Amino acid sequence: MPDNLLDNLNPEQREAVQYLDKPLLVLAGAGSGKTRVLIYKIAHLLQKGLVKPQEILAVTFTNKAANEMRQRAELLVESQITGMWIGTFHSICARILRKEANHIGHSRNFTIYDVDDQIKQIQRIMEFLNIDQKIVKPRQVQYVISKNKNKLKNAPDFEKAATNFIDQKIANVFWEYEAALSRNNAFDFDDLLIKPLDLFTQNENILTKYQDSLKYILVDEYQDTNRAQYHFIKMLSAKHRRICVVGDEDQSIYRWRGADIENILSFEQDFPDCKIIRLEQNYRSTQTILNAANSLVAKNQQRLGKYLWSEKEVGEQIRIIPAPSEVGEARHILKIISEMQSLGTYTLNDIAVLYRTNAQSRAIEDQLRRSKTPYKLVGGTKFYERKEIKDILAYLKLLVNPNDSVSLRRVINFPTRGIGEISIQHIENFGREKEITLYDAVMDAETIPQLSTAAKGSLKHFVDQIENFRVKISQITAYELAQEVIETFNLRSQYQHSDMFEDKARFENVNELLNSIAIFTETNADDNASLEVYLQEVSLLTDIDYWDPENNAVTLMTLHSAKGLEFPIIIITGMEDGLFPISRALENDQDLEEERRLFYVGMTRAKDHLFLLWAQRRFGFQNSEYGMAYKNVPSRFLKEIPEGYIVRPYSVQTGQEWDRNDGSNHRQTDIDFYYEDKFITLDEPLLDYSIYSVGQWVVHDDFGKGQILGIGKSGNGTKLTILFARNQLKKIIAEYANIQIVD
DNA sequence: CAGACAAGGCTTTTT
DNA sequence: GCCTTGTCTG
């Protein structure tokens, strides 16, 4: 164990590590070594023998960060750290609920519902309550319920506040929803945070137990805590008050999820005797990048304020690059990648492409694939949300928790066993009458008069199979069980002999899932290797937890996912008003400030080079029209960066600017422009599956000359959106109309 | 009751 | 534009 543990820290970091007995707020700017402080603090506490590992509660933002933190602390103290409470709020709360479930009417084998499960449950309730799902949308109901639970408002609270018809309906669903989850022995994501609060409030002895045993509390990314999380740590630290929160109000980007920036802004009021330490030296970015980011975020009103400085070199200017379209933007990314690689100091791992919305990845992926550039995509369709994976997990969840009616409904006729929607209705009605769970109703299928003999036989067989497996849970490993379940119910073989590309991918995904269960079984000690723990942990994993920084490839992800990471080269795409900042945030200052913080987070991920790209036209939804290309205006944030830090290319737009409201026949010329003294031509067709391309001029028999604004499919035909003279916007099927391309 | 096809809705960001 | 959902047909 090294005695000079603290020598690697700067004075402020060292002070933060050694300040132990009172509440501490560390305001840590981007790249100022806050993770370092947390790791050294854990190591320091353990090395001095001040606390035992199981007496530390350390909350991180991702599971991945938790693992890394533990491993790096282990390196410092030169021994294994076991038993420490480290993880995300959600995983720590799940751990507590597992231990204490019986005190709040659940058992430890509870199921965790994701948004998809929640919506399924809500739909069933709405069917039961005869609420028209076209008028009140289940997705909306889920959103409202979650939003309220986030604010610690329960069904009675919501009902009291409900004034209009729709809210009253939602209130009814809210009540039923809570009852259903309770019957199902299930928690949703919000419950994981709320239920421990109920537990602590209702059982003072349990609260005391945790207050006494968790002697030191550390919270990372404090600016992104919500009300429930705030109460959670406040309750636990109330007695000993040995709490250290680390955060940066300028990086608060989860307001939409209930995060309350007030939690960090008002920490001083909550803990009047607290100490505040500012970490303002940035070790990550060049002075140019840092100064530009500082200037940007200084436009925000809601902040405590700090000014980051760096001893790193001035570095290259930030490059702003306009592209004609999202395809052009993607091609610029290729150019940047090859230019950066030609410097000889960077690998593909050093490059990340960031964007505001997941949908933007498509065009970029497309170009990367064509140029055979390896890339890794974070986010999008998450692994555990894929149908084939959810099917298998639903079987496993049902085995562990037969009360879970959402999972039961998912698998009761998959693979098909002749139990259709009508039969399920009969079973449900029966269960409701007898006040028994859906699974118990299925077990009693024999006595349900409305069911056909075939259905009864099929259900009997199904129940026998499930019961058989339930006995095995305690006898064989989670991996063996999953394997047998997959074999028995044909959950893999049905994808095996298919020629379809999707099925091949599904087959591989099933193998990958089995692999992950195998790893879990191997790496966890007996009592923690149970199927129930696996299922609960897996529900809380996110895509970033799988991101492999080693595997040599460019990383693609949302700006949100990039939080906490750093790369030598950052390319931020879609710097357009309406996309970033996103249109919905333009309406109020608070949302706009959050967008600005998000941009700040993106900029400060960069160590050496920063590129900001925008597309003059972009396909996709905009102005509530889909599949259309619209002219974009560069992001207002670009103007907020002082000119000295940026370099803009010279665009050779010889013609007038493109304007879809202008019926005149000028040709689009923004395909070509100068960039850093080089003349770049993007002369490949934008969409190579069609002889048509966006921007092309065509002649139509009736409408005359027009310009193609959008290309799409309609059945087997090609649907063209064309702007003709006198502002006539027409959608035309190319194969039926007589369209000539004008050169 | 299951598969095929058409219409409708929808995108911020995620535990 | 895409994906999910609903409806029609065998």
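Reminder, nothing fancy here: chain letters follow the sequence lines and each chain counts from 1. Worth saying up front: this structure is predicted, and the values here are computed from it rather than measured.
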For nucleotides 7-10 of chain C, which of its nitrogen or oxygen atoms have a protein nitrogen or oxygen under 3.5 Å away, and what is each distance?
none

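- Set against B:dT14, B:dT11, B:dC10, the side chain of A:Lys137 has B:dC10 as its closest nucleotide.
- In this entry the distance linking CG of A:Asp116 with C1' of C:dT4 reads 11 Å, nearest Å.
- Taking only side-chain nitrogens and oxygens, A:Asn358 comes nearer than 4.0 Å to OP1 or OP2 of B:dT14.
- In this structure, A:His560 places its NE2 atom 7 Å from P of B:dT14, rounding to the nearest Å.
- Using a 4.0 Å cut-off between a side-chain N of Lys or Arg and a carboxylate O of Asp or Glu, A:Asp260 and A:Arg227 qualify as a salt bridge.
- Taking atom NZ of A:Lys387 as the reference point, atom C1' of C:dT4 lies 14 Å away to the nearest angstrom.
- Side chain of A:His90, nearest nucleotide from B:dT14, B:dT15, B:dT11: B:dT15.
- Stacking between A:Trp256 and B:dT13 is shown: the ring centroid lies under 5.5 Å from the centre of the six-membered base ring, and the planes differ by under 30°.
- For A:Glu593 and A:Arg303, the salt-bridge test fails: no basic side-chain N is under 4.0 Å from an acidic carboxylate O.
- In this structure, A:Arg597 places its CZ atom 18 Å from P of B:dT13, rounding to the nearest Å.
- For the pair A:Glu594 CD and B:dT13 C1', the interatomic distance rounds to 9 Å; values are reported in whole Å.
- Contact between the side-chain N/O atoms of A:Thr558 and the OP1/OP2 oxygens of B:dT14 is found at a separation under 4.0 Å.
- The side chain of A:Thr542 places an N or O atom within less than 4.0 Å of a non-bridging phosphate oxygen (OP1 or OP2) of B:dT15.
- Of the two residues contacting DNA chain B, namely A:Ser561 and A:Ala359, the nearest-nucleotide position lying further toward the 5' end is that of A:Ala359.
- The stretch residues 185-196 of chain A touches DNA chain B through A:Phe189, each having a heavy atom under 4.0 angstrom from the strand.
- Taking the charged nitrogens against the carboxylate oxygens, A:Arg597 and A:Asp250 have no contact shorter than 4.0 Å, which rules out a salt bridge.
- In this structure, the CD atom of A:Glu326 is 14 Å from the C1' atom of C:dC2, given to the nearest Å.
- Using a 4.0 Å cut-off between a side-chain N of Lys or Arg and a carboxylate O of Asp or Glu, A:Asp117 and A:Lys120 do not qualify as a salt bridge.
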Please produce a list of atom pairs where a protein N or O lies less than 3.5 Å from an N or O of nucleotides 1-4 of chain B.
residue: B:dC1; atom: OP1; partner: A:Gly420; partner atom: N; Å: 2.6
residue: B:dA2; atom: OP1; partner: A:Asn413; partner atom: ND2; Å: 3.4
residue: B:dA2; atom: OP2; partner: A:Asn413; partner atom: ND2; Å: 3.3

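- OP1 and OP2 of C:dC3 both lie 4.0 Å or more from every side-chain N or O belonging to A:Arg139.
- Using a 4.0 Å cut-off between charged nitrogen and carboxylate oxygen, A:Arg584 and A:Glu595 do not count as a salt-bridge pair.
- Figure legend: A:Lys387 and A:Phe414 shown as a cation-pi pair, the cationic atom lying under 6.0 angstrom from the six-membered ring centre and within 45 degrees of its axis.
- For A:Thr62, no side-chain nitrogen or oxygen approaches OP1 or OP2 of B:dT15 to under 4.0 Å.
- Ion pair A:Arg255/A:Asp591 flagged as a salt bridge, since at least one NZ, NE, NH1 or NH2 atom sits closer than 4.0 Å to an Asp/Glu carboxylate oxygen.
- At least one cation-pi condition fails for A:Arg596 and A:Phe599: the charged atom is not both under 6.0 angstrom from the six-membered ring centre and inside a 45 degree cone around its axis.
- With respect to the salt-bridge test (charged N to carboxylate O, under 4.0 angstrom), the residues A:Lys390 and A:Asp114 qualify.
- Atom P of nucleotide B:dT15 and atom NZ of A:Lys64 are separated by 13 Å, given to the nearest angstrom.
- Stacking of A:Lys563 on the aromatic ring of A:Phe61 is recorded, both the 6.0 Å distance cut-off and the 45° axial limit being met.
- Between A:Ile582 atom CD1 and B:dC10 atom C1' the separation is 13 Å, expressed in whole Å.
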